[in-house]
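Worth saying up front: this structure is predicted, and the values here are computed from it rather than measured. In what follows, every heavy atom counts, from backbone to side chain, and hydrogens, waters and symmetry copies are set aside.
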Amino acid sequence: MPELRQSSIAQHYHERTKYDPQTIASRSKGLDWAKQPVPFKEYKIGSSFDLKPYIQDKPETFANHPQARWWQRLSRLLFCSYGITAKIPSMGSAVYLRAAPSAGGLYPAEVYLISRGTSVLPPGLYNYQCRNHSLMHFWESDVWPALQEACLWHPALESTQLAIIITAVFYRSAWRYEDRAYRRIFLDAGHLLGNIELASAITDYRPHLIGGFVDEAVNELLYVDSLQEGAIAVLPLADMLDIQQNLPTWRTALPSATETNYPNIPDGELLTYFHKATHIQPGTTGKLNLPEIKQEKSLEDKYNFPFCQKISTVTVPINWGEKLIDLEGTILKRRSTRAYSGGDLTFDELKALLDFTYQPHNYIDQGFDISPDYFDLNLIETFIAVSGVNGLESGCYYYAPKAQELRQIRFKNFRRELHFLCLGQDLGRDAAVVLFHTADLRAAITQYGDRVYRYLHMDAGHLGQRLNLAAVHLGLGVSGIGGFFDDQVNEVLGIPPDEAVLYVTTLGRPR
């Protein structure tokens, strides 16, 4: 019988899936390689649209051929978002690496495209087949009105013709990471959202992120089994070369219920129970009936610790080249660093990384959108452990993005402790900088219900992807870490205890 509890299911999930030095050994299980999931979706029925010819030629090749130019833009957008960029031989089947990173190389996300019906692309449902860079047209009727209804008549769907839907295939990640996989799935999705945003800037699209939709309605629209796979983000794509496709700004995130009346859930079932608890339920009829959210757009950063040293991070923006050509190359050559040399970064390099990640307005004149879509960045905080930056004292800093300054809260070189906190991974010890994204989970749930757990991790992953690409462009090493000793991070580094650690990004000189 369910019982009323003090914490919501999101807080319960977060506590249950923390790693702790005393229990991590007893909880780890060997991998069942016979049950390793395949990270690709296959369709036995449907028609295929080959996108490869349009990725192999330069954009100017199609300048005088409008239809071919349209296909070339869509081909580049999908390839730069989630295309296969490398194939690595292994003892079993080959490992395919994609444009967006994934914890353990498991790639739980699927990318669908919905067409309203254009002169080039018939209406219906498409799945992006990254293995052969094609679109599988598996449903041929117009589903756009059903998408609008499922997204509560979001205005971004009124004049657009295309939409991307990202889903998660839960077992792909849960096979290795068990119930904690839910965190990693949404961090992975955030990296993918970051790629879609930036690839859209390259190809003259503007995505609008929608996180508030009736889950079961979108799942049914895609014909997916919601116990195995679930929609997690919808992105209408405005064609910036079509002046009729205006994109009204409206909020990206909507609240779900907050569940405090849940049963005792066995290990192995927590992920699927929690995901269903974060659904927006059928019967939500339209935006006028949705509860209003008061977003406090503070001009002040959250933590202004007394007596702490404050260091400006204002710098010259990174140059991404004419028509963002360097950005496209960076996306396609991005790799997670396997090992660091232990060498120092310069303070200018760290400032450039922070500038591209947190100050998007500095890049408008290069062709980027002024305000990339996040669910709610006001909920995310950033702490930085500095082990080796020339011109910056070792210690733990709070990064205040609005003030553009670092505020030192601990004075110490934490290399040895970071090795421990990152589960003994050498990446934590040898990195010059280890960056932590955090959020006050209780306060976030008050604002958005349990669904906020999705939003927080996707936003953290989105920021992580911008860090990744800035680092690779500067010739630095970068690697995200989703496994760490949660509570000990706060204790050791002096991060306030209300801040739940969401994600860790390591940065340094690659070995």
Side-chain angles (χ1 to χ4, degrees), residues 81 100-101 109 151 154-156 163-166 183 185-201 205-213 231-238 247-256 278 293-299 301-302 353-364 368-383 399-402 404 435-441 443-445 447-449 451-470 480 499-503 505:
S81 297
C151 293
H154 195 292
I164 288 173
I165 300 181
I166 298 172
R183 303 188 187 201
I185 286 167
F186 284 98
L187 292 171
D188 280 6
H191 279 275
L192 175 54
L193 290 175
N195 262 8
I196 292 171
E197 174 226 320
L198 295 169
S200 295
Y205 286 102
R206 170 62 167 97
H208 184 85
L209 180 58
I210 299 175
F213 50 83
I232 56 178
V234 179
L235 297 103
L237 289 174
L247 198 59
T249 55
W250 201 59
R251 57 192 181 189
T252 59
L254 293 176
S256 71
T278 64
I293 301 167
K294 292 182 179 178
Q295 293 193 358
E296 299 298 332
K297 298 293 183 185
S298 170
L299 295 177
D301 293 286
K302 184 172 181 180
L353 294 170
L354 295 174
D355 187 73
F356 180 67
T357 304
Y358 294 92
Q359 311 300 332
H361 53 274
N362 289 341
Y363 296 83
I364 304 166
F368 292 92
D369 193 89
I370 184 172
S371 55
D373 282 345
Y374 294 89
F375 294 102
D376 192 342
L377 269 196
N378 288 310
L379 303 175
I380 303 282
E381 303 301 334
T382 303
F383 294 85
Y399 176 60
K402 296 182 181 75
Q404 295 190 60
L435 186 145
F436 298 85
H437 286 124
T438 72
D440 183 335
L441 191 53
I445 292 166
Q447 196 161 331
Y448 290 104
R451 195 179 182 88
V452 79
Y453 204 82
R454 307 181 185 191
Y455 302 152
L456 293 173
H457 284 80
M458 283 193 278
D459 278 351
H462 189 160
L463 290 168
Q465 185 64 0
R466 291 183 75 95
L467 282 168
N468 266 249
L469 296 174
E499 295 291 329
V501 182
L502 306 171
Y503 197 23
T505 300

Checklist entry - When you check the side-chain N and O atoms of Y399 and D301, is any donor under 3.5 Å from an acceptor? => result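 D301 and Y399 do not have a side-chain donor-acceptor pair below 3.5 Å.
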Short side-chain to backbone donor-acceptor contact, [X] and [Y], under 3.5 Å:
X    : Y    : result
E381 : A439 : no
Y374 : M458 : no
H457 : D188 : no
D369 : A201 : no

Rounded distance (nearest 0.5 Å) linking atom [atom1] of [X] with atom [atom2] of [Y]:
X    : Y    : atom1 : atom2 : value
H191 : Y503 : NE2   : OH    : 3.0 Å
F375 : Y448 : CZ    : OH    : 10.5 Å
H208 : T252 : NE2   : OG1   : 6.5 Å
L192 : I166 : CG    : CD1   : 4.0 Å
T278 : R454 : OG1   : CZ    : 3.5 Å
L469 : L353 : CG    : CG    : 11.0 Å

Checklist entry - When you measure from the centre of the six-membered ring of F213, is the NZ or CZ of R451 under 6.0 Å away and within 45° of the axis? => result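 Yes; both conditions hold, so R451 lies above the ring face of F213.
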Checklist entry - Taking the six-membered ring of F356, is NZ or CZ of R466 closer than 6.0 Å to its centre and within 45° of its axis? => result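 Checked: cation-pi criterion met.
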So, for [X] and [Y], which heavy atoms are closest and what is the spacing to 0.1 Å?
X    : Y    : result
S81  : N195 : O-ND2, 3.1 Å
A156 : P236 : O-CB, 3.7 Å
V501 : R183 : O-NH1, 4.1 Å

Does the side chain of [Y] come within less than 4.5 Å of [X]'s, by heavy atoms?
X    : Y    : result
P207 : D373 : no
E197 : Q465 : no
R206 : S200 : no
L502 : D459 : no

Next on the checklist: In terms of relative ring orientation, are Y358 and H437 parallel, tilted or perpendicular, with 30° and 60° separating the classes?
Outcome noted: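 The arrangement is tilted - the two ring planes meet at 30° to 60°.
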Next on the checklist: Let's go through D440 and K302 carefully: what are the C-alpha distance in whole Å and the side-chain angles of both, what is the deciding distance for side chain to side chain contact (heavy atoms under 4.5 Å, CB included) to 0.1 Å, and is it a yes or a no?
Outcome noted: CA-CA 11 Å; D440 183 335; K302 184 172 181 180; 3.6 Å; yes
Next on the checklist: side chain to side chain contact (heavy atoms under 4.5 Å, CB included) for I380 and L463? Distances and angles first, verdict last.
Outcome noted: CA-CA 10 Å; I380 303 282; L463 290 168; 3.9 Å; yes
Checklist entry - Can you check side chain to side chain contact (heavy atoms under 4.5 Å, CB included) on F186 and L456, steps first, answer last? => result CA-CA 9 Å; F186 284 98; L456 293 173; over 6 Å; no
Checklist entry - Between F383 and T438, is a side chain to side chain contact (heavy atoms under 4.5 Å, CB included) present by the stated rule, with each step listed? => result CA-CA 8 Å; F383 294 85; T438 72; 3.6 Å; yes
